[in-house]
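Here's the structure, in structure tokens; my notes come after.
Computed over heavy atoms, backbone and side chain alike; hydrogens, waters and symmetry mates excluded. Every chain is numbered from 1 and lettered A, B, ... according to where its sequence line falls, protein lines coming before strand lines.
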Amino acid sequence: MGVVAKRIGQTLIVYLDGEFDLHAAGPFKTVVADAFARDERLRHLIIKMSDVTFMDSSGVGAILGRYRDLRERGGRLMVVGLQMPVRKVFDFSGMSRVISVFESEGHALASL
Amino acid sequence: MGVVAKRIGQTLIVYLDGEFDLHAAGPFKTVVADAFARDERLRHLIIKMSDVTFMDSSGVGAILGRYRDLRERGGRLMVVGLQMPVRKVFDFSGMSRVISVFESEGHALASL
Amino acid sequence: MSPSISDQCVKIEFLSLPENVAFARAAVAVFASRLDFTVDEIDEIKVATSEAVSNSVVHGYRGTSGEVRLILDVQDGALVITVEDDGCGIKDVAWATQAAHTTEPEERMGLGLVFIHEYMNDVVVRSKPGRGTSVRMLKAPVQAGRPPESGPSRPTPVQH
Amino acid sequence: MSPSISDQCVKIEFLSLPENVAFARAAVAVFASRLDFTVDEIDEIKVATSEAVSNSVVHGYRGTSGEVRLILDVQDGALVITVEDDGCGIKDVAWATQAAHTTEPEERMGLGLVFIHEYMNDVVVRSKPGRGTSVRMLKAPVQAGRPPESGPSRPTPVQH
Ligand SMILES: Nc1ncnc2c1ncn2[C@@H]1O[C@H](COP(=O)(O)OP(=O)(O)O)[C@@H](O)[C@H]1O
Ligand SMILES: Nc1ncnc2c1ncn2[C@@H]1O[C@H](COP(=O)(O)OP(=O)(O)O)[C@@H](O)[C@H]1O
């Protein structure tokens, strides 16, 4: 999986592409943890998933873990652009009840 | 692999799609043999390969076998539309020296 | 552990490394294309396979590594996938099968077996603590009987 | 028969049926994506695999059926594919390796081993008449060291 991160204001935006599984969960966690450790301004996280073609419960778990971390610090986690099979896994795991899904990065940023 | 055949005048046109390997060689041979056995008007064979994504020496061998059969009866065999990896295998196996390759069905029919 | 296998059976062995989970998924997807599954069904099969193999990697051989076996077969027109490991085993399969039940609450959601049951038609989990685990999952194509779809360019091909 | 294997090794077993040749090719293509091969190189690897597995099916177990083993590994950055059967074996490997040399002149072109040698960097054929054949083929990516390509939509991703 590809993981690229950039900062906009207090928000870290992470672009993922490829398959979000057990193997990809590690690099994803590392990139997010490193960014938040390096930059004290960061409070929120947007995960851009439009190029994620596959996700299983390890991917969902990695997102939920970040959600818990951010909630402790009063930050928000938003997800952008879920392809159908990924959306199905996301919904079935009950994540849609706790994490907001947006159509675009702009909509997500505007909601902050 | 998909194999579909139609007749135009004295020519049988066989459309292949998918992967032309050992497994596909059988159905290809059967379709051609059945058509020639059923219809005495048939003399020539055009193999339309633009949707063939893979070919190995079993595929090449199946074409060469039909070429030999037709040559005995004074007919011609022409191949239409080879994708790059398929063309490489075709050329490397020396088939380009004995079998004419055309860009389109129209060009092949016009050459008869 | 497999009761019976057909001629079509393919057996795949690999070490319990996270990078092999993607290989397992892709191999199953390729194998499943022999049957008349829809794209959605193939996606479900990939998720179920991913969960079972990830479990062998994460739980079965936690902290160590060992052999994972992925056995693919077609039986009575249905896809049968078996994932086996010789890892630590599951103490209480009924407990583990329930949503949010996990022995790694920090890291995992306890949803792997839930997804497997949701996405596959028939699931049998056999496990012996200290010996290993085998997850056998069956899925039959819903549209069975219709010829498999081919590329969009060919309208009504004869499929072989 | 494999001298040594790495942690990445994947072993695949199936019966010598023509429909398994496509599975073998696809599995190898998926596995090969771990290395930095170009699309052209992957095509060559698929042809070589197809030839070796087809030979086990057509020649090794001619008229009968038996087990084919496909062993995929990465060694020193190169892809190593071994195709093994317990079939009839090759009497004279040097003879069989030459172009147009085949024991089935009606049906085959005698080009399978030629393609394998052309498309792979290093090929070792071991065979014992009556015992079986093993074809070990190695290919190193030409552009080794460059990060693998990703989809066209992401300009410069960090690959993991
Ligand atoms: N192959 C296995 N080996 C050992 N334990 C397993 C295996 N598969 C599942 N388990 C046990 O069952 C529990 C539930 O599994 P699962 O529903 O997949 O959720 P999760 O993987 O998120 O924990 C795991 O936490 C683990 O204790
Ligand atoms: N796995 C095998 N088992 C037995 N014989 C084999 C095997 N592979 C190759 N051979 C022998 O080597 C010959 C040459 O093989 P090859 O170059 O692939 O051409 P072809 O398959 O067209 O005959 C075959 O005709 C066969 O006699």
**Report entry** Student check: side-chain heavy atoms of A:Glu19 and C:Arg25 closer than 4.5 Å
**Finding:**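 Yes - at least one pair of side-chain heavy atoms lies under 4.5 Å apart.
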Requested in this report: Using the salt bridge (charged side-chain N to carboxylate O under 4.0 Å, His left out) rule, take C:Lys139 and C:Glu41 through it: C-alpha gap first, then chi angles, then the decisive distance, then the call.
Outcome: CA-CA 9 Å; C:Lys139 192 175 182 88; C:Glu41 287 171 329; 5.4 Å; no
Query raised in the report: Which of residues 73-88 of chain A get closer than 4.5 angstrom to chain C, counting heavy atoms alone?
Result: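 At a heavy-atom separation under 4.5 Å, chain C is reached by A:Pro85, A:Lys88.
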Query raised in the report: Should we count CZ of C:Arg62 as having more than 12 external heavy atoms under 6.0 Å?
Result: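 No, CZ of C:Arg62 has 12 or fewer neighbouring heavy atoms, counting only those of other groups under 6.0 Å.
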Report task. Please say whether more than 12 non-hydrogen atoms of neighbouring residues, nucleotides or ligands are located less than 6.0 Å from CD in C:Glu104. Result ->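 Atom CD in C:Glu104 is crowded, with more than 12 foreign heavy atoms closer than 6.0 Å.
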Query raised in the report: Checking heavy atoms, do the side chain of C:Glu106, its backbone, both or neither come under 4.5 Å from chain A?
Result: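 Interface part for C:Glu106: backbone (N, CA, C, O).
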Query raised in the report: So which part of C:Val57 gets closer than 4.5 Å to some heavy atom of chain A, the side chain, the backbone, both or neither?
Result: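 For C:Val57, the side chain is the part near chain A, not the backbone.
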Report task. State plainly whether the residues C:Arg131 and C:Asp86 are in salt-bridge range, i.e. N to O under 4.0 Å. Result ->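 Salt bridge absent between C:Arg131 and C:Asp86.
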Query raised in the report: Are C:Glu67 and C:Arg69 close enough for a salt bridge, meaning some N to O gap below 4.0 Å?
Result: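 Salt bridge: yes.
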Query - CG-OG1 distance between C:Asp92 and C:Thr103, expressed to the nearest 0.5 angstrom - result: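 So the CG of C:Asp92 and the OG1 of C:Thr103 are separated by 11.5 Å.
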